[in-house]
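Report on the structure given below.
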Amino acid sequence: MSKVKLLDESIWSKIAAGEVVERPASAVKELTENSLDAGAKRISVKLYDGGRLRVIVEDDGSGISFDDLPLALMYHATSKLRTISDLENISTLGYRGEALASLVSVADVEIRSRQEDDNTGGLIRTHDGKITEHVRANCSLGTRVQIDNLFSGLPARRKFLKSASGELRRSAVFLREYAVCNPDVSFVLEHDGKEVFSTDGSGDKMRVLSKIWPEGAEIQTVNVSSERLNLECWFQSRAGLSGRADIMSFVNGRAVNDPVIKSAVSTAARDLAGNWALFFNLEPSLVDVNIHPAKSEVRFRYPDDIYKSVHEAVKHLGSPVKIPEVFNIPNTPKKVNASNYASNSGWNFHDSPSKITGLKNYGHAARQIDIFAGNDNNTEISENEIFDDEIFSEPEVIFMGQNSGGYLVYDTREGITIIDPHAAHERINYERIKSSAEKSNNVQKLLVPLTLHPTLALDVGEYENALKDSGFEFSDTVSGVELVSVPSIGSTEFEPETLLRASLKALKENHDGDTRNILWRTWATMACKASVKLTTKLTRDEALSLWRELHNCEQPFTCPHGRPTMIELKNSELLKRFGR
């Protein structure tokens, strides 16, 4: 049996560093938090090769004294804690004294710093975990930290780093979050000498959010206060992506990725897809920030307060989703008035059709649907018209109407068929997209190229090859990155940016597997959500068009999720049930 031995410092320090520094974005996070704790009003971050080659973070904060520089590089050296009781009342972003020591263990580090009362500052350099230089030097007020060759001595760790654009995106996401939380601080992010992102430190939170969230959609805000906490909630609707919520959350100024907050938003705002920024402020003693190595999660003493505050904020926000003037059913000859679509979501514009009780009422229900589509509701319906096969029928199919539950009823030579219009439309869209996605070079040029928001352009940079292979095309211009083509996915139409964002989300969440397969399934899912709802009132022409398209599918009998699209009652079964 092997004997127990103490690990050498060169080994255990690298193990400890691995919990704090995973990638360049970890270094940016730790150093930026130090700058904010130092009271900085200007923070500049420069990355080279996504931070894999070099990371520089410079601020105008309070600085580090010359004598304290060597101590600042040691594990558990900090100016933010003194006693064990301080752990129960943490008000700073950093407190463990691990960040700089961890960086020294896995990279070459240079720090230049000067405090306000000092005439000169200090410079300290390290290599292979050891201090190689510590001298006085002329430098600006504040601190400048330079990290070179991250993980150069740890090839096993370095090979897990992403591409330069991928690592840049991770740093940019973090920096944007802290820019939102600290609008009075000026942030600048540069990559290989080019500016990627900046804020002016004006203190205007709306101004910062407008920089990182898509243009055009309204941004709303609401404040909720209770005995133990205050919540400032910002929201921007993205109605095209039902059910999806992108959440930035902050607790006492700390950016966190906390499951309690995410769960609260997902349960309170099921129908409010969009961008969320939530700022929770509560007594430090009511939240434990010392539960995660990267300090990205917290533990609340009263988690119910989080749920209640989020629910209250959502209640005040209401539903910002606008009802479209016209709801278009793709590949059908008519459009259904938006009032029908809206009424099925709680907007009452018309009474529902009467319950179908007989064959004659089926015809009457069908005409009622035409009335909802904009026809004259005073038109008289003759007996002959109700049973006129040329009006209601496909060859060998007669559309009898739509019952009060939304199901479509057809008379065929074999009997009666009842169709679920939503499930049927899902199947049609699914096969349409699958067929289109299986064709190579099937792209659609945009009439007017779409200039991407800088935030979106960063995401595109990381997954550009996969997106290009699937039909997206981009162009670098003076004004930024432009989207010039999108995959042609049949006649199912989505806004280009909506299609791009959904595709990026799918690629982020599915790192393995065939890219094209991942994306066409994502598009098919989007088509399912866009499919006609069960309670949407269809005209007879639309119902017959749905019948034709469904029966042209390879698998017409189930939707993509396995639910039946139709139920058939054969004449023989009807005869048996009626005792004939």
Side-chain angles (χ1 to χ4, degrees), residues 165 169 212-217 236-246 271-275 321-322 324 326-331 425-477 480-511 513-533 560:
S165 58
R169 186 185 68 82
I212 67 173
W213 283 352
E215 298 177 0
Q236 182 189 53
S237 171
R238 291 174 60 193
L241 296 177
S242 176
R244 178 183 170 188
D246 289 337
D271 299 322
L272 292 181
N275 299 307
V321 179
K322 295 181 178 179
V326 175
F327 175 71
N328 185 27
I329 303 174
N331 276 356
H425 206 206
E426 283 186 327
R427 168 55 62 181
I428 293 165
N429 284 337
Y430 183 84
E431 293 202 6
R432 183 183 296 143
I433 288 177
K434 179 182 178 182
S435 174
S436 180
E438 289 173 345
K439 300 175 183 177
S440 60
N441 300 319
N442 197 5
V443 301
Q444 178 181 341
K445 289 281 186 183
L446 298 183
L447 186 62
V448 179
L450 175 67
T451 301
L452 302 182
H453 191 277
T455 301
L456 184 56
L458 278 174
D459 290 346
V460 166
E462 181 175 358
Y463 298 97
E464 186 170 2
N465 291 336
L467 292 168
K468 284 182 175 179
D469 290 343
S470 300
F472 292 95
E473 293 180 3
F474 306 92
S475 175
D476 289 324
T477 68
V481 178
E482 289 185 346
L483 175 64
V484 296
S485 296
V486 295
S488 179
I489 51 178
S491 57
T492 303
E493 298 180 0
F494 301 105
E495 290 293 329
E497 184 174 338
T498 298
L499 189 65
L500 176 60
R501 287 184 179 276
S503 301
L504 281 167
K505 181 174 185 291
L507 292 173
K508 292 176 188 177
E509 294 176 349
N510 299 275
H511 302 292
D514 180 68
T515 297
R516 289 180 63 85
N517 190 54
I518 290 169
L519 290 183
W520 80 252
R521 288 184 179 278
T522 299
W523 303 334
T525 301
M526 293 173 65
C528 289
K529 293 179 179 179
S531 296
V532 60
K533 302 298 184 283

**OP:** Report the distance from atom CG of Leu507 to atom NZ of Lys505, rounding to the nearest 0.5 Å.
**Re:** 11.5 Å
**OP:** Salt-bridge test for Asp459 and Arg501: reply yes if a basic N is under 4.0 Å from a carboxylate O, no otherwise.
**Re:** no
Original post:
Given Leu499, which of Leu504, Val486, Leu483 fulfils the side-chain contact (heavy atoms from CB on, under 4.5 Å) condition?
Top reply: Val486
Subject >> Distance in Å, Ser475 OG paired with Leu452 CG, rounded so as to fall on 0.5 Å steps >> reply: 10.5 Å
**OP:** Give the intermediate values and the outcome of side chain to side chain contact (heavy atoms under 4.5 Å, CB included) for residues Leu456 and Val481.
**Re:** CA-CA 9 Å; Leu456 184 56; Val481 178; over 6 Å; no
**OP:** Can you see which heavy atom on Ser165 is nearest to which on Gly461, and at what distance?
**Re:** OG-O, 3.0 Å
**OP:** Would you mind reporting whether Phe472 and Ser485 have side-chain heavy atoms less than 4.5 Å apart?
**Re:** no
**OP:** Indicate the atoms forming the closest heavy-atom contact of Glu497 with Pro214, along with that distance.
**Re:** OE2-CB, 3.8 Å
**OP:** For the residue pair Ile212 and Asn275, establish whether any side-chain heavy-atom pair is separated by less than 4.5 Å.
**Re:** no
Subject >> Gap separating the CD atom of Glu482 from the CG atom of Asp476, nearest 0.5 angstrom >> reply: 9.5 Å
Original post:
If you measure from CZ on Phe474 to NZ on Lys468, what distance do you get to the nearest 0.5 Å?
Top reply: 8.0 Å
**OP:** Please report the shortest heavy-atom distance between His453 and Trp213, naming the atom on each side.
**Re:** NE2-O, 3.3 Å
